[in-house]
Amino acid sequence: MMRAKENRAKTNAKRLPTMALFLVIMVALLAGCESDDDCLNCVDLPPPVVPTGVYSISGDDLVIVQWFDISYAPYDGAYNDNVVKYVIYSRFFEEGDQYDPNREFFYIGEVAWDENYDGETGQHWFYDFDVENGLQYEYAVASVNAAGLESALSYELVVDAPLPMSPYVNGNYVPVTLQDVAGPLSVQSGFNFALAAGNQANLNAGRVDPATTVADIVISFEGGVPYATANPARVVIQDFGVFNSGGQLYFEGVSWAPAEGYSQTGKLEMVPGHIYVLEIRDTQLHYAKFGVTGINPGSVDIIWAYQTIAGLPELKAPDDLDTGSVKPAVVSF
């Protein structure tokens, strides 16, 4: 918590309105360029255009910010004085902040014109690890030219809330196995999402004995077919459908919990590749989702995500958490 507060409390802040003209000119005159010869031309550059297509992807104590590349003639993919880097800003967000045109953003990083770029999608990306599950953050991006002139902040309202979820190892989510409530391992047939989120170091922290611990869902088998039954005292559930990509569960396919469409019976068949969304009401309303990655004799493998912010239905997650050469794919809403 302290890291995030310190990072977003820096004095290098930026407001939504464009800086006063004389400050822009001073920055232009003092900023450095690629070379002394270039600087003769740099001071005559106009401010760059504002980045577009800015959006975010939630992870576990992680937010990925993405935006479209800005190209100037001759559009050859080479260095161009008009845009040499992008600057990423962030701030803590509370509902209602979006109506304040003078809210301040704080510098959190930058990306060079040729870094973190996917030529197929035309997008750049930035990983913000200085975030915590259970908090909301707002993001904006600005472009910078060779004279040091900075554009206005991006116009999109980009708010994100990282959330706990199944561990992600070597490009795959690690599932938890839930047993048949009528089988010999019935003590492993229930799942409590809040318990899982509260102890992520333990893969099976959310797996509970429904006879002794409150379970949000319980697995049962009828004629060899697995079902999940929601706790009628606190949970409603719906099958959001199949989400497959390349033969694997596309967990990122469900990014937002719907307001309606929940099962009247609270009992749904478990189907590989399907994602299920839950409303969990205890003292507060929380949203969760889980996907079925495998069906075994007498057990079901699931991966999960749980939004710790009460009342917030955001459930999205990144495609790939590898921060090396592999970039995240676009998440569709």
Side-chain angles (χ1 to χ4, degrees), residues 60 163-170 172-245 247-254 257-258 261-282 286-308 315 317:
D60 189 355
L163 70 166
M165 61 187 68
S166 291
Y168 193 84
V169 180
N170 297 326
N172 293 287
Y173 291 101
V174 180
V176 58
T177 300
L178 302 181
Q179 303 289 335
D180 180 6
V181 69
L185 296 176
S186 61
V187 295
Q188 300 176 7
S189 61
F191 194 79
N192 183 298
F193 289 86
L195 291 179
N199 187 8
Q200 292 177 262
N202 180 357
L203 176 64
N204 297 314
R207 192 170 64 186
V208 299
D209 179 0
T212 61
T213 306
V214 174
D216 297 318
I217 58 170
V218 176
I219 300 298
S220 63
F221 279 73
E222 298 178 13
V225 178
Y227 294 85
T229 300
N231 186 331
R234 55 187 268 146
V235 179
V236 292
I237 185 173
Q238 72 169 285
D239 184 346
F240 217 64
V242 60
F243 290 83
N244 270 310
S245 178
Q248 293 188 334
L249 176 70
Y250 183 58
F251 200 42
E252 299 73 28
V254 176
Y262 292 88
S263 169
Q264 295 295 313
T265 65
K267 183 177 181 178
L268 296 175
E269 180 181 349
M270 296 290 91
V271 181
H274 280 229
I275 296 177
Y276 303 80
V277 178
L278 303 90
E279 285 187 357
I280 303 172
R281 293 182 181 272
D282 192 356
H286 288 269
Y287 292 91
K289 69 175 178 177
F290 70 91
V292 177
T293 61
I295 303 292
N296 318 298
S299 67
V300 176
D301 296 330
I302 70 167
I303 57 177
W304 60 272
Y306 177 76
Q307 183 51 262
T308 57
L315 295 169

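These numbers come from a predicted model, not from an experiment.
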Please work out whether the ring planes of Phe193 and Phe191 are parallel, tilted or perpendicular, with thresholds of 30° and 60°. perpendicular
Nearest heavy-atom contact between Pro258 and Phe240 is CG-CE1, 3.4 Å
Heavy atoms, side chains only, cut-off 4.5 Å: are Pro175 and Ile303 in contact? yes
Can you sort out the partners of Glu222 under salt bridge (Lys or Arg N to Asp or Glu O under 4.0 Å), two or more places apart, ordered by chain and number? Lys267
Looking only at non-hydrogen atoms, find the nearest pair between Gly261 and Gln238 and report the distance. O-CB, 3.4 Å
Give the minimum heavy-atom separation between Asp209 and Ser186, together with the two atoms involved. OD1-O, 4.3 Å
Among Ile280, Asp216, Ile217, Asn231, find the one that has a side-chain contact (heavy atoms from CB on, under 4.5 Å) with Asn192. Asp216
Can you find a pair of side-chain heavy atoms, one from Leu249 and one from Val292, that are under 4.5 Å apart? no
Can you measure from CZ (Phe290) to CE (Met270) and round to the nearest 0.5 angstrom? 4.0 Å
Which value, rounded to the nearest 0.5 Å, describes the distance between Asn204 atom CG and Leu178 atom CG? 9.0 Å
Validation row: Tyr287, Glu279 side chains within 4.5 angstrom (heavy atoms): yes
Hey, does the side chain of Asp301 reach the backbone of Thr293 with a donor-acceptor pair shorter than 3.5 angstrom? no
Thr308 side chain near Leu163 side chain, heavy-atom distance below 4.5 Å: no
Kindly assign one of parallel, tilted or perpendicular to the pair Phe251 and Tyr173, based on the angle between their ring planes and the thresholds 30° and 60°. perpendicular
Taking the side chain as every heavy atom from C-beta outward, state whether Tyr250 and Asn244 have any pair of such atoms under 4.5 Å apart. no
Between the OG atom in Ser220 and the CG atom in Asp180, the distance rounded to the nearest 0.5 Å is 6.5 Å
Where is the tightest heavy-atom contact between Ala215 and Gly190, given as atom of each residue plus distance? CB-CA, 4.0 Å
From CZ (Arg281) to NE2 (His286), nearest 0.5 Å: 11.0 Å
Using a 4.5 Å cut-off on heavy atoms from C-beta on, say whether the side chain of Arg234 contacts that of Val214. yes
Where Tyr262 and Ala257 come nearest, the two heavy atoms and their spacing: OH-CB, 4.2 Å
Residues Met165 and Gln200: closest non-hydrogen pair is O-NE2, 3.4 Å
Measuring only between side-chain heavy atoms, which start at C-beta, is Thr177 closer than 4.5 Å to Gln179? yes
Can you measure from CD1 (Ile219) to OG1 (Thr229) and round to the nearest 0.5 angstrom? 8.0 Å
Spacing of CD1 belonging to Ile237 relative to CG belonging to Leu268, to within rounding of 0.5 Å: 5.0 Å
For the residue pair Tyr276 and Val271, establish whether any side-chain heavy-atom pair is separated by less than 4.5 Å. yes
